[in-house]
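Here is the naming used below: chain letters follow the sequence lines, and residue numbers restart at 1 for every chain. Only a predicted model underlies this, so the values are computations on that prediction, with no experimental measurement involved.
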Amino acid sequence: MTQRRILVTSALPYANGHIHIGHLVEYLQTDIWVRFQKLRGHECRYFCADDTHGTAIMIRARQEGRAETDVIAEMSESHQRDFAGFHIEFDHYGSTNSEANKERCTEVWKALRDQNLVIERDVTQLFDPKEGIFLADRFVKGTCPNCATPDQYGDSCEKCLATYSPTDLKDPKSTLSGATPEVRTAKHLFVTIESFRSFLSEWTGQDDHLESSVANYLKGQFLGKELRDWDISRPAPYFGFEIPDAPGHYWYVWFDAPIGYIASTQEWCAKHNQNLDDWWRSDQTEIHHFIGKDITYFHALFWPSMLKAAGFTLPTRVQVHGFLTVNGEKMSKSKGTFIRASTYLEHLNPTYLRYFYASKLTPREDDIDLNLEEFAQKVNSELVNKVVNLASRSARFVADTGLSDAYPDDDGLFENGAATGEFIAEAYEAKDYNKAVRLIVGLADRANEYFDKMAPWQLKKEGKLDEARNVCSVALNLFRQLTIYLAPVVPQLSTESARLLGTEIKTWDDAKTPLVGTGVQPFKHLLTRVDMKDVQAVIDASTDASTETAGASAATSDDSGDALAAEPIADECTFEDFMKVDLRVARVLKAETIPEARKLLKLTLGLGGDETRTVFAGIKSAYEPSALEGRLVVMVANLAPRKMKFGVSEGMVIAAGPGKEDIYVLSPDDGAVPGQRVH
RNA sequence: GCUGAAGUAGCUCAGUCGGUUAGAGCAGGCGUUUCAUACGCGCCGGGUCGGGAGUUCAAAUCUCUCCUUCAGCACCA
């Protein structure tokens with residue numbers, strides 16, 4: 001086999017949030033592939049970095065009263081600790097806020113300029129005069145220009161679903177300072193990405209660069225019409241690199257982030273006396289990017305365009321994966337399924353998750369589901385009961401004698417396993433780990449059948465010691481074969497398994513030659529079962545608090561003050577003003593979902609006696625109707641009825657939280673009864 | 001609405017350049033062994049392959065149509 005040179009990346013995690021089990025789908029998918037290639041003897045390098053620039057980091061640093069560089073240094077350390085905890089091994093882990101990255105950004109930029117691909121255009125945006133920064137849509141709130149609902153974000157209204165520009169909002173307020181934003185115009189630089197369209201149409205459709213469904217998506221969604229210019233600069237203040245030929249303007253974070261792949265490689269090259277061009281300007285090198293489907297656009301359109309413009313090697317493959325759901329639903333803080341990597345590691349073995357994800361992953365961009373019951377069952381049944389147990393049930397028989405000196409007749413099992421190894425390798429190569437795992441477990445089944453049929457414990461009783469030893473030698477060799485095939489997925493288990501037989505796993509082809517005559521170490525447990533109690537402990541720990549959202553604008557469930565900062569206290573009002581609002585305790589008599597509505601639940605609220613109100617509440621994303629029925633809530637009882645798409649809403653249910661799954665309906669303490677006024 | 005994808009046993013999936021009685025694992029039922037982390041092994045039940053129509057000697061697999069689900073988009077890229 002000729003040795004391939006392969007460069008692999010995962011998307012750069014953003015320095016504004018912690019690693020969670022959703023992120024891990026990607027890093028584990030990548031790590032498994034890299035480990036497989038290394039085991040096959042290829043020169044494979046895995047590069048990643050923290051993505052550090054942008055407004056979100058800048059705002060976070062301001063709120064915490066420290067330098068951006070402090071924030072990102074701390075987060076980088078945390079990220080790398082989490083990755084290491086899951087046995088994810090990078091050849092180099094850098095940062096987009098590095099000299100190397102600045103150099104490479106400058107290089108790409110120069111190429112774009114030289115080819116006249118950059119144009120200038122004015123962009124009108126809201127500006128926060130107190131903070132002195134331009135405001136992205138999510139940092140502006142005001143009254144919907146369409147239906148007059150107050151307190152709506154700058155891009156769309158949650159009530160009437162209208163979309164608009166933040167400059168259309170009535171009474172806009174900055175969510176950062178509460179100041180009234182000004183409309184300002186600033187110069188932005190754009191890359192005329194349209195000039196790459198014919199190249200992209202060709203590239204995305206050929207040579208397996210993308211899964212066909214992804215290529216179809218791009219073709220249908222973007223490449224059929226003119227590509228809009230890409231807004232690639234942000235005016236000061238901005239945390240990032242200042243554009244050399246445009247003082248006061250910075251590269252947009254999405255420009256310098258992927259270039260971080262090259263910069264990370266460059267730093268590694270410097271340390272290992274390698275030439276960067278051998279990795280990024282060579283048709284001898286394969287480049288594989290692993291990404292989530294949310295950033296397909298950037299990696300399959302913008303990124304190849306940048307690479308082409310600057311004369312770098314184009315990706316061999318952009319591998320797109322889906323999102324993670326837990327128990328069939330989006331990860332949710334209120335359900336405790338928004339699980340941080342570090343929280344998981346406090347209670348559970350990383351090997352479990354590596355195995356489970358591998359068993360689920362295919363080359364397609366389907367979402368994968370972490371059903372926690374299935375997780376425990378699958379790991380216990382397949383990995384512990386079948387694979388590990390094979391060693392456990394046979395090792396003791398040969399603890400004194402070691403393996404047979406010649407490999408015994410085994411009905412062709414080992415040979416079959418060696419041959420199957422090629423199919424397993426094909427599956428790994430194609431990123432079809434689901435298939436690889438199925439093949440491996442199939443081999444484990446055959447090994448267990450053989451062991452049962454031969455019944456070495458029986459042979460031992462009958463005094464046929466040599467025969468018993470032979471059977472166990474076969475079993476342990478088959479076990480070893482399995483652990484070699486599983487090594488990319490569960491490296492720690494494989495390493496410890498090899499130690500049992502006094503060897504190391506060096507290459508994939510070790511699975512082709514049986515061990516003979518070697519000693520066997522005393523067996524000790526290689527892996528314990530998943531205990532649902534520990535799984536529950538993870539859920540509990542994730543439900544409590546301590547979880548932190550990715551966005552700076554979103555509130556956290558701690559007392560940091562972020563929530564207050566995200567939405568400052570409103571203007572003062574008088575007691576009379578307050579008394580105009582009639583808040584009442586109400587019981588949820590009925591809660592119905594409206595299938596066509598994305599955000600609304602239809603609630604029938606009882607105010608005592610026969611008095612009821614129909615209220616449409618935008619809490620579908622956070623509550624199951626059944627969980628609401630019967631409970632007491634607080635409602636605005638004298639709000640003017642509003643005609644909505646699905647009927648007339650006769651009030652409002654009081655709730656806190658930034659939205660989405662983070663919505664918390666308020667309840668009175670025990671003793672309150674429907675109809676009582678809240679003073 | 002537009003675009004992309006998907007609908008195969010209770011669950012997770014395999015199988016599709018058309019071709020023997022549609023497969024696996026898990027879950028369920030029955031039996032069995034005792035070497036092993038009460039694990040393993042054997043057997044059984046269970047699917048009109050989303051519905052309908054068409055092409056064909058033959059369709060889960062090709063064509064059309066309808067239904068359902070998911071995701072993306074509707075000026076953030």
Side-chain angles (χ1 to χ4, degrees), chain A residues 123 125 136-138 154-156 161-166 190-191 193 211-225 227-232 252-255 292-298 301-302 320 322-323 325 327-328 330 356 359-362 364-371 373-398 427 432 434-435 437-442 444-461 468 471-472 475 479 523-531 595:
Chain A
V123 171
Q125 233 185 325
D137 294 353
R138 67 178 185 282
D155 51 354
S156 66
L161 305 176
T163 56
Y164 41 77
S165 156
F190 291 76
V191 175
I193 217 81
E211 194 71 8
S212 63
S213 57
V214 176
N216 289 344
Y217 154 76
L218 292 169
K219 197 173 160 192
Q221 196 78 34
F222 303 105
L223 293 170
K225 51 186 186 291
L227 293 170
R228 284 203 301 273
D229 297 334
W230 182 25
D231 185 351
I232 207 173
Y252 176 47
V253 57
W254 262 110
F255 176 72
K293 63 185 181 184
D294 52 330
I295 55 176
T296 303
Y297 187 94
F298 291 97
L301 298 182
F302 288 168
V320 182
F323 296 143
T325 56
N327 292 335
K330 279 187 180 168
F356 185 79
S359 77
K360 288 275 165 184
L361 279 165
T362 70
R364 294 180 296 278
E365 74 278 17
D366 303 333
D367 290 350
I368 69 170
D369 185 46
L370 169 60
N371 179 293
E373 283 287 343
E374 188 194 0
F375 165 74
Q377 268 164 9
K378 199 170 181 77
V379 170
N380 291 345
S381 150
E382 296 177 6
L383 201 53
V384 183
N385 296 351
K386 287 181 179 176
V387 177
V388 174
N389 191 229
L390 188 59
S392 171
R393 67 195 303 204
S394 51
R396 194 181 293 170
F397 287 113
V398 287
D432 197 349
N434 164 278
K435 188 173 185 180
V437 168
R438 265 187 295 121
L439 288 169
I440 295 167
V441 174
D445 282 338
R446 254 154 278 160
N448 276 306
E449 288 160 22
Y450 168 84
F451 199 80
D452 254 74
K453 194 180 78 183
M454 301 308 281
W457 57 94
Q458 198 65 37
L459 296 170
K460 197 180 169 191
K461 273 185 201 157
V471 171
C472 292
F479 170 72
F523 184 83
K524 52 178 198 225
H525 283 194
L526 294 166
L527 189 69
T528 55
R529 274 165 223 295
V530 179
D531 188 336

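- In terms of phosphate contacts, A/K386 brings a side-chain nitrogen or oxygen within less than 4.0 Å of OP1 or OP2 of B/C26.
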Reading nucleotides 1-18 of chain B from 5' to 3' and marking B where a protein heavy atom lies under 4.0 Å of the base, S where only the sugar-phosphate is that close, and - otherwise, the string is --BSS------SSS----

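- Between A/D367 and A/K293 a salt bridge is recorded (basic side-chain N to carboxylate O distance below 4.0 Å).
- In this structure, the side chains of A/F302 and A/F255 stay at 4.5 Å or more apart for every pair of heavy atoms.
- Side-chain N/O atoms of A/N448 include none lying less than 4.0 angstrom from OP1 or OP2 on B/C39.
- Rounded to whole Å, the distance from CG on A/D452 to P on B/C41 is 6 Å.
- In summary, A/R393 and A/D452 engage in a salt bridge, as defined by a charged side-chain N under 4.0 Å from a carboxylate O.
- As a whole-Å value, the separation of A/E449 CD from B/A24 C1' is 13 Å.
- In this entry the distance linking CZ of A/F451 with C1' of B/G42 reads 18 Å, nearest Å.
- Where A/N389 and A/F323 each meet RNA chain B at their nearest nucleotide, the meeting point lying more 5' is that of A/N389.
- Two residues, A/S392 and A/D229, neighbour RNA chain B, and the one matched to the more 5' nucleotide by heavy-atom proximity is A/S392.
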Only Watson-Crick and G-U wobble pairs with both distances less than 3.5 Å should count. Give RNA chain B in dot-bracket notation, marking inter-strand partners with |. ((((((((.[[[[.)...(...]]]].(((((.......))))).....[[[[[..)....]]]]])))))))....

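- Between the CZ atom of A/F375 and the P atom of B/C26 there is a distance of 18 Å, given to the nearest Å.
- With hydrogens and angles disregarded, a donor-acceptor distance shorter than 3.5 Å links the side chain of A/S394 to the backbone of A/L390.
- Looking only at side-chain heavy atoms (C-beta outward), A/R529 and A/N385 come within less than 4.5 Å of each other.
- Within the 4.0 Å cut-off from OP1 or OP2 of B/C75, not a single side-chain nitrogen or oxygen of A/R228 is found.
- Going from atom CZ of A/R446 over to atom P of B/G25 covers 11 Å, rounded to whole Å.
- The aromatic rings of A/Y252 and A/W230 stand perpendicular to each other, their planes meeting at an angle above 60°, with 30° marking the opposite boundary.
- Atom CE of A/M454 is separated from atom C1' of B/U34 by 18 Å (rounded to the nearest Å).
- The distance between atom NZ of A/K460 and atom C1' of B/U34, rounded to the nearest whole Å, is 13 Å.
- Distances shorter than 4.0 Å separate some side-chain N or O of A/R396 from OP1 or OP2 on B/U37.
- Among B/U34, B/G42, B/A71, the nucleotide with an atom closest to any side-chain atom of A/K293 is B/A71.
- Atom NE2 of A/H525 and atom P of B/A36 are 11 Å apart (whole Å).
- Of all non-hydrogen atoms in A/L459 and A/V471, the two that sit nearest each other are CD1-CG2, 4.0 Å.
- B/A77 has A/Y297 stacked on its base ring, the centres lying under 5.5 angstrom apart and the planes within 30 degrees of parallel.
- Formation of a donor-acceptor pair under 3.5 Å by the A/N434 side chain with backbone atoms of A/S359 is found in this model.
- For the atom pair A/R364 CZ and A/D432 CG, the distance stands at 7.0 Å (nearest 0.5 Å).
- Rounded to a whole angstrom, the distance from the C1' atom of B/U21 to that of B/C17 is 25 Å.
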